[in-house]
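What you see is a predicted model; the values in this text were computed from it and never measured. Values below: all heavy atoms of this structure, side chains included; hydrogens, waters and symmetry mates excluded. Convention: sequence-line order gives letters A, B, ...; per-chain numbering from 1.
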Amino acid sequence: MGHYVPHTDDELATMLATLGLTSLDELFDCIPAALRLAGGLELADGLSEPDTLAAVAELAGRNHGGLVCFAGAGAYDHGVPAAARALPFRSEFVTAYTPYQPEVAQGVLQALFEYQTMVARLAGLPIANASLYDGAAATVEAVNLASAATGRDTVWVSGGLHPHWRAALATFAAGSGHELVDIALRDGRTGWPEAGSGEKGVPGALVVASPNYLGCLEDLPAARSAADANGARLVVAADPVSAGLLRSPGSQGADVVVGEGQPFGTPLSFGGPYLGLFACRAEHVRRLPGRLVGETVDVEGRRAYVTTLRAREQDIRREKASSNVCTNQTLIAVCCMVQLAWLGTSGLRELALRCARGTRYAREALLAIPGVEPLVDAPVLREFAVRLPVDPVTVIERMAEEGFLAGVPVGLTDGVACDEGDGRNGLLVAVTERRTRAQIDAYAAALEKVMV
Amino acid sequence: MGHYVPHTDDELATMLATLGLTSLDELFDCIPAALRLAGGLELADGLSEPDTLAAVAELAGRNHGGLVCFAGAGAYDHGVPAAARALPFRSEFVTAYTPYQPEVAQGVLQALFEYQTMVARLAGLPIANASLYDGAAATVEAVNLASAATGRDTVWVSGGLHPHWRAALATFAAGSGHELVDIALRDGRTGWPEAGSGEKGVPGALVVASPNYLGCLEDLPAARSAADANGARLVVAADPVSAGLLRSPGSQGADVVVGEGQPFGTPLSFGGPYLGLFACRAEHVRRLPGRLVGETVDVEGRRAYVTTLRAREQDIRREKASSNVCTNQTLIAVCCMVQLAWLGTSGLRELALRCARGTRYAREALLAIPGVEPLVDAPVLREFAVRLPVDPVTVIERMAEEGFLAGVPVGLTDGVACDEGDGRNGLLVAVTERRTRAQIDAYAAALEKVMV
Amino acid sequence: MTAPPVDAAPGGQARSAPLIGRDAEPTIFEMSVPGRRAWSFPRTELPEWSAEELVPGAYLRPELLDLPEVSERDLVGHMTRLTHRQYSVDLGAYPLGSCTMKYNPKACDEAAGLPGLAGIHPSAPASLTQGWLELLWRLGDILCEITGMSAVTLQPPAGAAGELTGLLLMRAWHQAQGQGHRHKVLIPDSAHGTNPASVTLSGYDTVTIPTDHRGLLDMAALADRLDGAVAGIMLTNPNTLGLFEEDIVQIAQAVHRAGGLVYYDGANLNAILGVTRPGDMGFDIVHLNLHKTFAVPHGGGGPGAGPVAVSPRLAEFLPGPIPTRMDGGGFDWVTPPRSIGRVHSWHGNALALARAYTYILLNGGDGLRRVAEGAVLNARWLRQRLEGTYDSPFERPNLHEFVVSTATLKRKRGLRALDVAKRLLEEGFHAPTVYFPLIVAEALMIEPTETESPQTLEALASALLRIAKEDGEEAGKAPRTTPVGRVDEARAARRLIPTWDARERPIS
Amino acid sequence: MTAPPVDAAPGGQARSAPLIGRDAEPTIFEMSVPGRRAWSFPRTELPEWSAEELVPGAYLRPELLDLPEVSERDLVGHMTRLTHRQYSVDLGAYPLGSCTMKYNPKACDEAAGLPGLAGIHPSAPASLTQGWLELLWRLGDILCEITGMSAVTLQPPAGAAGELTGLLLMRAWHQAQGQGHRHKVLIPDSAHGTNPASVTLSGYDTVTIPTDHRGLLDMAALADRLDGAVAGIMLTNPNTLGLFEEDIVQIAQAVHRAGGLVYYDGANLNAILGVTRPGDMGFDIVHLNLHKTFAVPHGGGGPGAGPVAVSPRLAEFLPGPIPTRMDGGGFDWVTPPRSIGRVHSWHGNALALARAYTYILLNGGDGLRRVAEGAVLNARWLRQRLEGTYDSPFERPNLHEFVVSTATLKRKRGLRALDVAKRLLEEGFHAPTVYFPLIVAEALMIEPTETESPQTLEALASALLRIAKEDGEEAGKAPRTTPVGRVDEARAARRLIPTWDARERPIS
Ligand SMILES: Cc1ncc(COP(=O)(O)O)c(C=O)c1O
Ligand SMILES: Cc1ncc(COP(=O)(O)O)c(C=O)c1O
């Protein structure tokens, strides 16, 4: 069909004639004939808009969307108010490119400036970039930065890091040459090697998540000490919602703070587009990955915003760039900024508090079920892991019939959190502010039922 | 709760102090104490946004929304493309007031100017206003105009006019003093009295719908002759979709053309907000009800738009105004304008053609069912009436269980279309471009099934 | 090298968006190119009968109807650019008196968009639309509680339609009482134009009552004009000066004594939500403007919703059908026994009603009272800031809006209300209502609404105080920063161009 | 009379919206007032434990985190005003070379918003997400057909992420072949900066190949640099000059002979949709930019999606898990046997993938070919219009984009590429890409895309021809009609203010 090519047949003919051509095919004469597709693509012909939307809706209808969600593991079922659903999706934000021409891009630039400010405050650090792809990518970039800053390739990775983020670290380490050393959890929290023990090499970077994958709050001062003992940089992967109640990682010594920004204004979206949060100390600004917006003035002295320190970036520095990122997640950053402004100081605290209340209530309700035990026992905030008497994969399938997405199966192999079963039947359960007492009660009752 | 009053307690206190007041209650001291509500309103306290939306969604869930729609009768299940769902609802259109300050309202004004142009073309008349409430209101205003133009109160109303519009005419005639005279249908079309017979008085206005309520195409030249024979003005209520195929009412002698604009870009919406279309001959422009946008220039000579001939309107002319309308249906007019631009010349024709094809196919399918007969037998375009062997009200209930909204019960009392049963078991069936052959086949099969 | 056929205006040029420049946006007609298209229709597999096969030839139009032929891209560009030429509440404050341009919560947009509301056919039987019926019934109930009335019709699609409905109720009532000869309706001289226009349409005659030195209805004049021909009186309270008619109980009693009914124009209800109720004041008939008081957005001029609530004795005359809770708890449509008939094609502006219902749930009884408090506080505070600079024609404390005048400023420096309005546009605010009510010369009618913050009020006050120092000649050049400058309204009326097709030959 | 505490900036003043004026929009932080709020949360009936009861004291933050405290109304006003300070495709043409700023159909927005897609948790088991798996599987299949490859990962969230993924595949492949010592990747000097940056991150070294007089890869230089240390070559075809590398088959063969792999940067795929395929040219690895070619909107800089498709021999190395059709017809996640591992937290930018899938269904195979035709026709035509006025550094016919230069104009009248770009903003168009590719001095890289009409092209051409007549000094004052004038970029870097909090003490 080609719905979106506006040219009429007349116009095509006239334009071709202007070019001295007689057919559209001739436009491609510069392509060797042998390479040109004879029969066209083996794809169905175009559909009308309503038929297309019906086809996609049919697929969407085959996902079980109506389940009451107790799954978390880095993707959380938070509420997004109507304002935050509407504003970032105004087409000026949606259909703009990267703000290469600041004079006509003050909208995106100012929103990013405000986003950076908020992320820096969440992290407790002075600099935040204009977004990275997701939590995993932000962690990879943080390790790159820390390793470059120290000149050392060894990276101590807490066993409490999200297993997918750990996997991404490993994937990209094949290129960067970083050596990842797992540091096992003990009772749900990272057991950093004794200072000077030398047993795990000398790291340039430590990576720790708090709350970690099992929901446990890490001892960040201990992580800082372990980093200091090795002259390493400390990378903290933080759940940004926890910032409503917990001390910021930056105030506890983190050099780089990363996180997954999805909880602020982005629906579950089957995992993407999400939002990599990235903040660091001022000394690292020239190694900062990705774009950075700064305030400046225009020729008339009016306040204006522009992407700055561009010399770090790939389009200028090329093979010596601090990162290869170009397209990032700007629109999702705008969603995050709007959601955080909607929450404000008191709302963020209230949000974290409500998550923590639901988590406490759900944890108690689950642990009251015979056979359900804590997987580990450390303080939690908005997510916790239990050990079921039966296989959690089966439980999740059966709980879906009861109307619940029960959680995420979790394992713990040699002290490293993983998402494969390890025989311990772990289930990771998250509770957001959307979950009511009635839902949690029903969830616990259903769980008890499906396990017998 | 008062979610949308931004003042903090501090601000309230300071503002009150500035006014020399000590409490908010004192703001209302100018209201006699006896009138002031002691206990406040007996209404529940405010809900959070998510709780509110859940409560409304719960109500919405109790309507049967998923039925395949064969109901019409003035409200049609046409497709609205994503562009027409998005553009008119940009907040500049949604949250603006009537364009009283043209310098900051060129967006709405130009959209209305384009809307007026399109409606005038649909009608085949030179003037269209900026919208009225709905088809019924437009008909009432047209009768007011025609009666004022002729100075005569008698109005001949075709028995094929939408019964609800006829009802509205009757309601408002109590104020205007118009005398409505029903002109019965014969074989589905209006049987105008012979010229000079005098049997129905001397009308100032004739009102005819085409296609009429039973879907039949009226003989507009005959209506024009009947009007001429009485020196009356001819008001034609036209289905605007038919303009894609049929001669315009204006070209056939209508003085005023009215219609329901819902088919262009507005969902069924349980009947509103809809859109009253109104067009007339140039000679009537000073009697035109409602707002009119005109092109002009600004101080620098740039093209600009403004509401014009305001002296007709109630805010200036008060008791002598041609109409009392103030707030109209501007946003729905913008929806209509966008939808018509999306359709364009060829799309409008294609739309009408597709409706007509589906109508023909469905009519044949239904008439093939034993016991189903035509209610009347005149050419139709996109809607038709059949006579069922059983009560259509029951049929509609049972068809809903089969997944269909089967149509609208229709009666014909003394040649006047009505929506009450008259023992003839009429069912009015509409077919839009959204209905597929498979749906129509299934509908006919289900109908046969539920009637046994 | 020849250029292609480029007769149409470019669609992808944003020169008219004020972000970029101040050109005129081409009309969609200028952008049209024959044969271009945006439309697509679903596959139906139906036989492809031709028009000639489907419709007798005499009915078929000889040539195609001319509509713009544009790409979806150009349509989107055009409409998006038009929005950049349009002020709105979402862009800034809109202190347009009488119009109650408050912020419209985004949650209400979502409610109105629910497929279970927006996708329902209005003729579907009650058994299939219980959710809609209950919503409307609940809304009606709430509106009765808010107004102190006892029954309601939700059909009128706007305030003016509500007025006419109310007046026809008045007429039906009098007729039923054998008082069909009554023909006069009293209206204060400060009333909105829809009031007298509706009176005429209802077949009654308008009798104007002057406003006294207090800014209230002149009680002596009222007594003077009350006679056996009076069908009723129409009032808004607070009135269009923003002042509460403190004699309202006496007014109502006097009119009732004379055999008339008392009608409440609800345009100013925002001021008294949860504070006092028309029913308690003695009103018999009340219309509400849900688009003013209950945050239905104005849509550039509509749609709104104008329900009419009445006291018990008028209930049997209401338009119908009315959503009604039946024995057994289900809902059905019931038409009152002596109904005046339908006033809308269907059930009123249903989605607007759903918005208002959502807004009321969000606020609750407590929140609605806070709305009134905020609205009055803001207006009172702003008026005080302007005192001494702008003339205040009446001394009484105002409620949610107030009227000032530039009469003195005009005398001193030629500064008219219109100039202030246009200058305010440059300052980033919509203008107040001007030259209304008619009884105040050079009137500026200011209604900040409760959703504006003290900071915004202060900015508005500063702008108004600054402008008041300017002279009329300079201010007369405003607005200079808007998409177009001051518009030639006289020319528009003289050379009437109401459509693109009239450009070559203006009408009249 | 005292003013209220109005320390915050007004929220309801639109003076910064270009519709109204040219003031700066206050930051959301300036609009903040302690205690104001927009939030509300659902009723849960949960026990209201305090923070101290829930979390050990040592973890609790001593003071509240400072975020802006604003009303919903002010938040809406702020964001809406910001949109009036932002150019976008929906406002006008965006001929930004290499970026493929085509129109993004509104239907795709609706698809991405379906609750059955947007509401699904990424960890939900395959049994509960069959619709998503099938959608992704179908999309992968289609992308393979379009590129002529045989397997695909949809995980990479952008083009650069795709590049790095592809290079890690290259590395894994060589390692598996016992060729782990290979460390060089050849890249043309016209390549996009992400290419060399990705090479570095993949642990390889970049070796640059010059462009020859034709504007194509210098074959002699290629032969020269091909040795046993070469892991592969990265190319985009058409290249960043918009020219088709006609020697592509020979290039691929030469690299393959040397034991290297051939990587396709899909940024320019729009030019050849349905015309020719990277797989048929001999490429082993292809990334696609769905946000360029398949109409995923750019979102002000992202998100995008950068799937990587490979030839059969590389399939076993792809990141996983991959949506796979199982025997029996259901879908499941399968990780390839020698997978390099995950490159995304979950399954890639899933909603962007759904948009691209929708776009492809809309167009179909026939429509995609028309896309390429339109893109090339528009670019070719526009280039011809500019010929003789702007320098054309290479003579060959271009495909979907082309590069011109103001080198002569700069010499004659001081008119730089940057000046043309800024002037074009005033004319209602976005600027082309400037100063890229690096090998052309004063480069303007123009990509009109297929969605712009001939009329828009003509308007763009006229503007560019008009501007070319101006001198640099005058043009250097542009843009003057935009929300801000030319921005001081040097100052931004010198006095680094990356957050509101850094304003008092800029960094560095
Ligand atoms: C005082 C008053 N009465 C009546 C109306 C008419 O209401 P509507 O515009 O909804 O018809 C208005 C509207 O501006 C008004 O301000
Ligand atoms: C030629 C080319 N390659 C690679 C990229 C990088 O793609 P992305 O921005 O999606 O990371 C771009 C983006 O501009 C490009 O133009």
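With sequence neighbours left out, Ala478(C) forms a side-chain contact (heavy atoms from CB on, under 4.5 Å) with Lys422(C), Arg423(C), Glu426(C), Arg480(C). Not counting sequence neighbours, the partners of Arg466(D) by the side-chain contact (heavy atoms from CB on, under 4.5 Å) test are Arg15(C), Glu427(D), Ser462(D), Ala463(D).
Annotation: the span from Asn104(D) atom CG to Glu72(C) atom CD amounts to 10.5 Å, rounded to 0.5 Å.
Contacts of Asp74(D) with chain C are made by side-chain atoms alone, with heavy-atom separations under 4.5 Å and no backbone atom involved. If you measure heavy-atom distances from Arg22(D) to chain C, you find no contacts under 4.5 Å at all. For Gln86(D), the part lying under 4.5 angstrom from a heavy atom of chain C is the backbone only. Proximity to chain C involves both the backbone and the side chain of Val89(D), based on heavy atoms less than 4.5 angstrom apart. With a threshold of 4.5 angstrom between heavy atoms, Tyr87(D) approaches chain C through its backbone and through its side chain. Only the backbone of Thr83(D) comes within contact range of chain C, with heavy atoms under 4.5 Å apart. Ala461(D) does not touch chain C: none of its heavy atoms, backbone or side chain, sits under 4.5 Å away. Contact annotation for Arg81(D): both backbone and side-chain heavy atoms come within less than 4.5 Å of a heavy atom of chain C.
Each of Ser453(C), Pro479(C), Gly428(C) has some count of heavy-atom pairs under 4.5 Å with chain D, and the biggest count is that of Gly428(C). In terms of non-hydrogen atom pairs under 4.5 Å with chain D, the most contact-rich of Leu425(C), Leu457(C), Asp90(C) is Asp90(C). Per-residue heavy-atom pair counts under 4.5 Å with chain C were compared for Glu452(D), His430(D), Arg73(D), Glu387(D), and the maximum is reached by Arg73(D). In terms of non-hydrogen atom pairs under 4.5 Å with chain C, the most contact-rich of Tyr103(D), Phe429(D), Tyr94(D) is Tyr103(D). Options Gly21(C), Ser71(C), Pro483(C), Ala17(C) differ in how many heavy-atom pairs under 4.5 Å they form with chain D, and the most are formed by Pro483(C). Chain D forms the most heavy-atom pairs under 4.5 Å with one residue out of Ala14(C), Ala93(C), Pro18(C), and that residue is Ala14(C).
Scanning all heavy atoms of the two residues, the minimum distance from Gln455(D) to Ala9(C) falls at CB-O, 3.9 Å. Here the closest non-hydrogen pair linking Arg36(D) and Pro454(C) is NH2-CD, 3.5 Å.
Within residues 105-113 of chain D, the residues that have a heavy atom under 4.5 Å from a heavy atom of chain C are Pro105(D), Lys106(D), listed by number. Of residues 24-31 of chain C, no residue lies under 4.5 Å from chain D by any heavy-atom pair.
In this structure, the side chain of Thr80(C) does not engage the main chain of Leu91(D) through any donor-acceptor pair within 3.5 Å.
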Give the C-alpha distance, both sets of side-chain angles, the deciding distance and a yes or no for side chain to side chain contact (heavy atoms under 4.5 Å, CB included) between Leu19(C) and Thr482(D). CA-CA 6 Å; Leu19(C) 164 64; Thr482(D) 46; 5.5 Å; no

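Looking at heavy atoms from C-beta onward, Gln13(D) lies out of side-chain contact with Thr456(C) at the 4.5 angstrom threshold.
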